[in-house]
Amino acid sequence: MNMRISPTIAARMAYERMEATLDRFVKGGVDFEKAKILIPFFYYFLFFIAFSRLEGLNYMIAEGAAGFAPRFPLFWAPYVPYGTAVTVVFLTWTFSALLASLFPYIRAARILAFVGFFEYHALMSSFGTPNHQLDHWLWVSFILIFLPALTREPPPDARRTFSLVFWGAQAFLLLTYSMAGISKLVYAVIQISQGQANAFSHDAGALYAATQLNLMHETVPLANVIISHPWLAWLPFLCVLELQTFALVVAFRPQLHRVWGLGLILFHLGTFLTMRAVFTAPSGLLLLFLLASPFAPEKLQWREVAFSLPIFGRVFKYLADKLFTRAPNTSRPDVP
């Protein structure tokens with residue numbers, strides 16, 4: 001007799017498995033102490049980004065308000081001169097980020113940093129097209145608002161909640177990469193069904209590079225090499241699909257946090273060097289939340305990493321068992 005599980009029960013079972021997995025490494029112990037040290041650095045980086053953007057303040061004012069259509073957070077901007085609005089947004093973001101750098105464990109300071117950042121992000125997206133460079137930073141700054149208040153000796157519940165919110169920021173960051181990888185796979189299936197070149201084609205990387213560079217009328221150091229020798233990009237491109245598609249899975253496997261962080265940073269470097277895709281901002285978050293992950297084991301063996309890889313981990317484990325497991329000695333001893 002076929003037993004069917006209702007969607008509600010299936011969802012509850014999935015939630016319980018996820019909770020059990022998180023309980024194994026999000027404990028509020030050493031991971032809390034490490035996460036607590038890392039949080040101020042998010043706001044240090046945020047202040048540095050905000051301060052560095054001040055260099056373009058006068059240029060932006062000089063460009064004028066042509067095409068300026070304020071988005072929702074800037075509902076007040078039409079009531080003041082354009083130059084005043086731009087100056088207020090730039091300075092608000094800079095000083096609110098500095099305040100959060102000084103008081104990273106105070107929720108009010110984190111809220112102000114998010115609001116200042118939100119205003120700046122809206123300003124940069126108010127000229128016809130959205131600016132996605134700092135999307136990850138904006139949403140992570142929102143997630144960090146929910147960090148609990150800390151006393152001098154925080155109780156276990158507060159410590160674990162702190163670690164859990166930090167993990168939530170990790171998971172969100174990785175989710176965005178999984179969404180990009182899944183979309184590539186969906187388009188690949190459509191292209192395969194239509195007999196077109198797709199993400200699994202041997203020249204997929206070269207086609208991506210050539211298309212991007214033709215659109216921008218630019219060239220980059222490795223573009224000609226990749227386009228002239230498409231097979232060089234085939235395996236790296238498949239690795240990128242693995243990195244992106246299974247990024248969210250890695251959120252639940254702390255032994256892979258540093259590996260995936262490094263891999264995604266190399267991915268951003270690679271896309272810049274091969275197709276001039278300038279998307280540098282997430283690299284700072286990858287350094288902070290994954291390469292310095294408070295949940296990653298201090299000592300890690302290559303086998304543990306290899307066996308934890310999505311899809312390929314089971315293959316590596318099977319091969320290792322076959323290669324390194326000695327067969328019992330069934331030969332008879334020599335008879336004198």
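We're numbering straight along the sequence, starting at 1. Values reported hereafter were calculated over all heavy atoms of this structure, with side chains retained and with hydrogens, waters and symmetry mates removed.
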Could you check whether any side-chain N or O of Arg110 sits under 3.5 Å from a backbone N or O of Ile145, counting only pairs where one atom can act as donor and the other as acceptor? yes
Are there more than 12 heavy atoms of other residues, nucleotides or ligands under 6.0 Å from atom NZ of Lys184? yes
Could you tell me which non-hydrogen atom of Lys36 sits nearest to which non-hydrogen atom of Pro40, and how far apart they are? O-CD, 3.2 Å
Heavy-atom distance under 4.5 Å between the side chains of Trp260 and Glu242, does that happen here? yes
In sequence, state the C-alpha distance, the side-chain angles, and the governing distance for Gln244 and Ser178, and then conclude on side chain to side chain donor-acceptor pair (under 3.5 Å). CA-CA 5 Å; Gln244 289 190 319; Ser178 283; over 6 Å; no
I'd like to know if the side chain of Ser125 and the backbone of Ala122 have a donor-acceptor N/O pair within less than 3.5 Å. no
Check step by step if side chain to side chain contact (heavy atoms under 4.5 Å, CB included) holds for Leu74 and Trp76. CA-CA 5 Å; Leu74 300 174; Trp76 52 270; 4.0 Å; yes
Any side-chain to backbone donor/acceptor pair from His257 onto Val250? Under 3.5 Å, distance only. yes
For the student: nearest non-hydrogen atoms of Phe117 and Ser141, plus distance: CD2-OG, 3.8 Å
Begin from the C-alpha positions of Phe200 and Phe237 and carry the test side chain to side chain contact (heavy atoms under 4.5 Å, CB included) through to its verdict. CA-CA 9 Å; Phe200 299 101; Phe237 192 80; over 6 Å; no
Counting N and O atoms only, with roles assigned by atom type, does the side chain of Ser201 sit under 3.5 Å from a partner on the main chain of Asn198, one being a donor and the other an acceptor? yes
With a 3.5 Å cut-off and sequence neighbours excluded, list the donor-acceptor pairs that the side chains of residues 12-23 form with protein atoms.
residue, atom, partner, partner atom, Å
Thr21, OG1, Arg17, O, 2.9
Asp23, OD1, Arg160, NH2, 2.5

Check for a donor-acceptor pair, side chain of Trp137 on one end and backbone N or O of Ala281 on the other, with a separation under 3.5 Å. yes
Run the side-chain donor-acceptor check on residues 41-69: report pairs under 3.5 Å with partners two or more places apart or on a different chain.
residue, atom, partner, partner atom, Å
Ser52, OG, Phe48, O, 3.2
Ser52, OG, Ile49, O, 2.7
Arg53, NH1, Tyr120, OH, 3.0

Are the side chains of Tyr177 and Thr245 in touch, meaning some heavy atoms are under 4.5 Å apart? no
How far apart are the closest heavy atoms of Val80 and Ala85, and which atoms are they? CG2-CB, 3.8 Å
May I ask you to decide if Val89's main-chain N or O and Glu119's side chain share a donor-acceptor pair within less than 3.5 Å? no
With a 4.5 Å limit on heavy-atom distance, are the side chains of Asp135 and His121 in contact? yes
Nearest 0.5 Å, please: how far is CD in Gln301 from CZ in Phe307? 10.0 Å
Rounded distance [0.5 Å steps], CG in Leu150 versus CZ in Arg152: 12.0 Å
Taking the six-membered ring for Trp and the single ring otherwise, decide whether the centroids of Phe142 and Phe146 are under 6.0 Å apart. yes
Do Arg159 and Glu33 have side chains that approach each other closer than 4.5 Å (heavy atoms only, starting at C-beta)? yes
Count the heavy atoms of every other residue, nucleotide or ligand shown that sit under 6.0 Å from CH2 of Trp231, and state whether that count exceeds 12. no
For the residue pair Phe166 and Phe32, is the inter-centroid distance of their aromatic rings smaller than 6.0 Å? no
Candidate pair Leu174 and Leu290, rule side chain to side chain contact (heavy atoms under 4.5 Å, CB included), full reasoning: CA-CA 9 Å; Leu174 291 167; Leu290 289 175; 3.6 Å; yes
With a cut-off of 6.0 Å (strictly less than), are more than 12 heavy atoms of other residues, nucleotides or ligands near CD of Glu153? no
If you take all heavy atoms of Pro148 and Arg107, which pair is closest and at what distance? CA-NH2, 3.8 Å
Describe, in one word, how the ring planes of His268 and Phe279 are oriented to each other, choosing from parallel (under 30°), tilted (30 to 60°) and perpendicular (over 60°). tilted
Side-chain hydrophobic cluster, 4.5 Å single linkage: members besides Leu112: Leu99, Leu102, Phe103, Ile106
Do Ser163 side-chain atoms and Val26 backbone N/O form a donor-acceptor pair below 3.5 Å? no
